[in-house]
Number of protein chains: 2
Amino acid sequence: MARKYIDNPNACSLVHTMNIIGNKWKPIILYLLSNGSMRFGMLNALIPTISKKVLTNQLKELENDGLLLRQSFAEIPPRVEYSLTEKAVGLLPVLRMLSDWANEAYPKMEFEQCRIIENVKKPAYNNVSYEKP
Amino acid sequence: MARKYIDNPNACSLVHTMNIIGNKWKPIILYLLSNGSMRFGMLNALIPTISKKVLTNQLKELENDGLLLRQSFAEIPPRVEYSLTEKAVGLLPVLRMLSDWANEAYPKMEFEQCRIIENVKKPAYNNVSYEKP
DNA sequence: AATAGTGGTAACCAAAAAGTAACTAATGGC
DNA sequence: GCCATTAGTTACTTTTTGGTTACCACTATT
């Protein structure tokens, strides 16, 4: 029987991808931005369980990895818009597949649709229905 | 302008998938097992930078999530074989896409191929060429 | 009689990640 | 003059994760 081993497992592209998006928040951020650019405060409101510090940090990392574009407007109060780069857009179908896989593999879990709800009258960040688990 | 918000972001299937495989070691483990079943010691040797405790833990979690089958043989010294379940096999093409994406998005990084090398004469776990970064 | 081999576990410690609360700058509205 | 607003930052604490070492059971080999 042939023995097998993998050469330098930590330098492969799958590991790299996981280092970039394989955590709790980043897929959500990418998903939210797939519908267009969004401000910091809106992202913060749409992911109520994230803290500002961590969100800032995740956004910075995504920007450094070339997945996010950050546009800061010289206004008072400040406005900063985040949007996906081409790289990130190329990742969207794969994220979709990951999502589809879970729906198939764990049919009993009946996941929420992660749906985007339009036309909220009040600013979303004052009006979020989600509650901490 | 329509405001948007996402309802209960933490319960969606993408987040679930990331909870299951979105970390440092699990994609590597799944990748290694994609060629067939493997013993604990072999996995430990093929991922030299992982500690036994963490590997044990990751394998348990993957088993609990239905991605791995654990077969323990009543021999001395003990033998335990890990293999992919159907669920996990369904995930392999998606892992492949994640890997392909990184190769395209970061062409300058020239990742290692994560190649499996056959016909090593000595047991791989005494003969691993990989060195800690 | 001692040692090697396997697949772990337990106790303990270090490092990384995440959460909390308070604070900032600059302006508009009351 | 005071408060609200936005996108953070800073200092500090807590939680989570990962790593280290020693140990076990059981047998075959030396």
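Quick note: numbers below take in every heavy atom, side chains included, and nothing from hydrogens, waters or symmetry partners. Here is how names work: the chains are called A, B, and so on, in the same order as the sequence lines, proteins then strands, and each is numbered from 1.
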Residues, nucleotides or ligands: over 12 heavy atoms within 6.0 Å of B:E63 CD: yes

Candidates C:dT9, D:dT27, D:dA7 - which lies nearest the side chain of B:I76: D:dT27

Any A:R70 side-chain N or O less than 4.0 Å from OP1/OP2 of D:dG8: yes

Selection from D:dA7, C:dT9, D:dG18 that lies nearest to any side-chain heavy atom of B:K60: C:dT9

OP1 or OP2 of D:dT14 under 4.0 Å from side-chain N/O of A:K53: no

OP1 or OP2 of C:dA18 under 4.0 Å from side-chain N/O of A:Q58: yes

Closest to side chain of A:V54, choosing from C:dG19, D:dT6, D:dG19: C:dG19

A:R39 side-chain N/O to D:dT6 phosphate OP1/OP2 under 4.0 Å: no

B:W101/B:Y106 aromatic ring centres below 6.0 Å: yes

OP1 or OP2 of C:dG7 under 4.0 Å from side-chain N/O of B:R79: no

Pairing of B:K26 and B:E61 as salt bridge, 4.0 angstrom limit: yes

Interatomic distance where CE belongs to B:M42 and C1' belongs to C:dG5 [whole Å]: 15 Å

Nucleotide nearest A:S51 when distance is taken to its side chain, options D:dT5, D:dA7, C:dT20: C:dT20

Heavy-atom side-chain contact between A:T17 and B:L95 under 4.5 Å: no

